[in-house]
Undergrad: 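Have a look at this one.
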Amino acid sequence: MYLGKIVEFGPAADVIEQPYHPYTRALVSAIPTHDPGAGKSRIVLAGDPPSPLNPPAGCAFHPRCPYAREKVPARHSAAHCRRPRP
């Protein structure tokens with residue numbers, strides 16, 4: 001969940017082993033490991049989280065998302081993900 005909205009769902013093993021949403025990927029990358037030499041890289045999100053009292057339209061994660069488009073067609077009110085679905 002991000003700002004109270006579900007961003008990804010599915011069988012737990014699938015979500016943890018192959019997360020699709022960039023926020024889920026960042027969360028999974030922050031899971032500690034017992035092996036310091038595992039070479040796991042952590043995803044650090046850019047920017048600040050938006051206010052939960054005034055969340056952005058569309059996907060609330062889009063201000064921090066590396067896949068969000070900057071320019072959105074006039075008929076749409078929020079950024080769209082440019083990452084293709086699996």
Side-chain angles (χ1 to χ4, degrees):
M1 292 187 81
Y2 186 77
L3 290 179
K5 304 285 183 187
I6 295 173
V7 295
E8 186 164 359
F9 63 93
D14 292 348
V15 171
I16 291 172
E17 290 171 16
Q18 294 183 330
Y20 176 78
H21 195 277
Y23 182 63
T24 310
R25 287 178 178 223
L27 288 177
V28 170
S29 79
I31 296 172
T33 179
H34 65 280
D35 181 6
K40 184 177 172 184
S41 62
R42 179 151 185 228
I43 298 170
V44 178
L45 299 173
D48 295 320
S51 167
L53 300 176
N54 187 23
C59 178
F61 187 66
H62 83 261
R64 303 176 79 190
C65 181
Y67 299 107
R69 294 180 185 161
E70 292 295 323
K71 298 191 183 229
V72 179
R75 66 184 184 277
H76 299 291
S77 62
H80 295 289
C81 185
R82 60 182 161 85
R83 183 167 181 229
R85 291 246 174 227

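Given the structure is predicted, the values throughout are model-derived calculations rather than measurements.
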Undergrad: Step through it carefully: locate the ring centre of His21, locate the ring centre of Tyr2, and say whether they are under 6.0 Å apart.
TA: no

Undergrad: Taking only residues two or more places apart in sequence, or in another chain, which ones meet Gln18 in a side chain to side chain contact (heavy atoms under 4.5 Å, CB included)?
TA: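 Checked Gln18 against side chain to side chain contact (heavy atoms under 4.5 Å, CB included); zero matches.
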
Undergrad: Any idea which heavy atoms bring Val15 and Gly10 closest together, and the distance?
TA: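 So the two residues come closest at CG2-N, 3.8 Å.
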
Undergrad: My understanding is that only residues two or more places apart in sequence, or in another chain, count here; which of them pass side chain to side chain contact (heavy atoms under 4.5 Å, CB included) with Asp48?
TA: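 Not a single residue meets the side chain to side chain contact (heavy atoms under 4.5 Å, CB included) criterion with Asp48.
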
Undergrad: Which atoms form the tightest heavy-atom contact between Pro49 and Arg64, and what is the distance?
TA: CG-NH1, 3.7 Å

Undergrad: Going through the checks in order, is the side chain to side chain contact (heavy atoms under 4.5 Å, CB included) test met by Leu45 and Tyr23?
TA: CA-CA 8 Å; Leu45 299 173; Tyr23 182 63; 4.0 Å; yes

Undergrad: Got a second to check how far Glu8's CD is from Asp14's CG, nearest 0.5 Å?
TA: 9.5 Å

Undergrad: Side chain of Thr24, backbone of Pro19: donor and acceptor closer than 3.5 Å?
TA: no

Undergrad: Heavy atoms only: give me the nearest Ser29-Ser41 pair and the separation to one decimal.
TA: CB-O, 3.8 Å

Undergrad: I'd like to know whether CD1 of Ile6 has more than 12 heavy-atom contacts from other residues, nucleotides or ligands below 6.0 angstrom.
TA: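 No, because the 6.0 Å sphere around CD1 of Ile6 holds 12 heavy atoms or fewer from other groups.
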
Undergrad: Calculate, to the nearest 0.5 Å, the distance between atoms CZ and CD1 belonging to Arg42 and Ile31 respectively.
TA: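 The CZ atom of Arg42 sits 11.0 Å away from the CD1 atom of Ile31.
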
